[in-house]
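Presented below is the structure to which this report refers.
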Amino acid sequence: MAIRNHRAFASGVLFLAFAVFFFATALQYPAGTAAKMGPGYFPRLLAIVLAAIGLVVMFGAMKPAADRQALRKWDLKGLAWITGSVILFGALLFPLGLVGALFVLIVVSSRASSEFTWIGALTNAAVLIVLCLAVFVYGLGLPLPVWPSLLT
């Protein structure tokens with residue numbers, strides 16, 4: 001069987017690689033049982049699901065009916081903007097709070113694509129900040145700082 005859709009096949013390989021990594025990492029934790037789950041139960045289950053998705057995507061890329069698509073060149077500039085924004089989020093979460101860190105994350109990561117405008121990035125930031133506050137702080141009750149530490 002020949003690989004017809006190289007992009008889908010590469011995605012499947014990445015899913016499979018992450019699955020192997022997480023499964024191997026979870027082996028050092030006791031799994032427990034379905035009735036009494038241990039700390040390794042969910043990571044192993046998630047790794048099995050990721051592996052299944054990866055295999056389905058890989059085999060789908062080899063079907064004769066699959067679209068022919070080659071791998072594209074990596075956009076290293078976009079990758080750097082996204083990676084930098086995630087690092088900034090982690091570094092700024094406690095000094096700026098969730099609102100400030102999310103704002104920086106979204107505005108900086110929007111620079112990765114030329115499709116985003118400043119108005120789009122600011123609108124996206126406002127909506128995602130409200131959703132994240134609703135889900136993580138008020139819905140799940142996670143003890144995250146919401147506002148900058150100077151204001152509290």
Side-chain angles (χ1 to χ4, degrees), residues 1-35 37-137 139-140 142 144:
M1 294 181 86
I3 300 170
R4 293 180 54 86
N5 190 336
H6 291 275
R7 291 173 61 191
F9 191 82
S11 296
V13 169
L14 283 174
F15 270 100
L16 199 55
F18 276 109
V20 169
F21 172 76
F22 286 123
F23 194 85
T25 303
L27 287 176
Q28 58 188 318
Y29 300 110
T33 64
M37 296 178 192
Y41 189 88
F42 184 72
R44 288 181 194 168
L45 185 63
L46 181 61
I48 291 169
V49 171
L50 282 175
I53 291 170
L55 290 172
V56 167
V57 170
M58 287 170 61
F59 286 122
M62 294 189 288
K63 285 184 180 178
D67 294 337
R68 287 197 177 271
Q69 290 187 353
L71 283 175
R72 292 184 185 166
K73 196 174 174 183
W74 282 43
D75 179 15
L76 295 178
K77 183 181 121 188
L79 184 62
W81 279 110
I82 299 294
T83 305
S85 68
V86 173
I87 292 169
L88 275 172
F89 176 81
L92 297 175
L93 179 60
F94 290 102
L96 294 184
L98 189 62
V99 172
L102 278 172
F103 180 79
V104 171
L105 170 81
I106 295 164
V107 170
V108 171
S109 64
S110 71
R111 302 296 301 144
S113 172
S114 61
E115 295 178 18
F116 271 102
T117 62
W118 283 106
I119 294 172
L122 295 176
T123 305
N124 190 15
V127 170
L128 288 175
I129 287 170
V130 169
L131 286 174
C132 286
L133 287 174
V135 171
F136 297 113
V137 175
L140 295 174
L142 295 179
L144 295 171

Exercise. Take Phe15 and Leu55, measure what side chain to side chain contact (heavy atoms under 4.5 Å, CB included) needs, and give me the verdict at the end.
Key: CA-CA 8 Å; Phe15 270 100; Leu55 290 172; over 6 Å; no

Practice problem: Show the numbers, then the answer: is there a side chain to side chain contact (heavy atoms under 4.5 Å, CB included) between Phe22 and Leu46? | Solution: CA-CA 8 Å; Phe22 286 123; Leu46 181 61; 5.8 Å; no

Exercise. Decide side chain to side chain contact (heavy atoms under 4.5 Å, CB included) for Trp81 and Val108; before the verdict, give the C-alpha distance in whole Å, the side-chain angles of both, and the deciding distance to 0.1 Å.
Key: CA-CA 7 Å; Trp81 279 110; Val108 171; 3.7 Å; yes

Exercise. Apply side chain to side chain contact (heavy atoms under 4.5 Å, CB included) to the pair Val107 and Trp118, showing each step before the final yes or no.
Key: CA-CA 8 Å; Val107 170; Trp118 283 106; 3.4 Å; yes

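Remark: Thr117 OG1 to Asn124 CG distance equals 10.0 Å, nearest 0.5 Å. Rounded to the nearest 0.5 angstrom, Phe9 CZ and Met58 CE are separated by 3.5 Å. Separating the CZ atom in Arg4 from the CE atom in Met62 is a distance of 12.5 Å, to the nearest 0.5 Å. To the nearest 0.5 angstrom, Ser85 atom OG is 11.0 Å from Leu102 atom CG. Between atom CD1 of residue Ile53 and atom CG of residue Leu16 there is a gap of 11.5 Å, rounded to the nearest 0.5 Å. Atom CZ of Phe116 sits about 9.5 Å away from atom CD1 of Ile106, to the nearest 0.5 Å.
Heavy-atom minimum distance, Leu71 versus His6: CD2-O, 3.7 Å. Ala34 approaches Tyr41 most closely through the heavy-atom pair CB-OH, 3.6 Å. For Ala112 against Asp75, the heavy-atom pair with the smallest separation is O-OD2, 4.0 Å. Across all their heavy atoms, Ala47 and Ala19 have their closest contact at O-CB, 3.2 Å. Between Pro43 and Ala26, the shortest heavy-atom distance links the atoms CB-CB, 3.6 Å.
For the pair Leu88 and Leu105, the minimum side-chain heavy-atom distance is 4.5 Å or more. Between Val137 and Leu142, every side-chain heavy-atom pair lies at or beyond the 4.5 Å cut-off. Between Leu122 and Phe103 there is a side-chain heavy-atom pair separated by less than 4.5 Å.
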Please output the side-chain donor-acceptor pairs of residues 125-136 that fall under 3.5 Å, not counting sequence neighbours, one pair per line with the distance.
none

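A 6.0 Å sphere centred on CD1 of Ile119 holds no more than 12 heavy atoms belonging to other residues, nucleotides or ligands. Surrounding CD of Gln28 are more than 12 heavy atoms belonging to other residues, nucleotides or ligands, all under 6.0 Å away.
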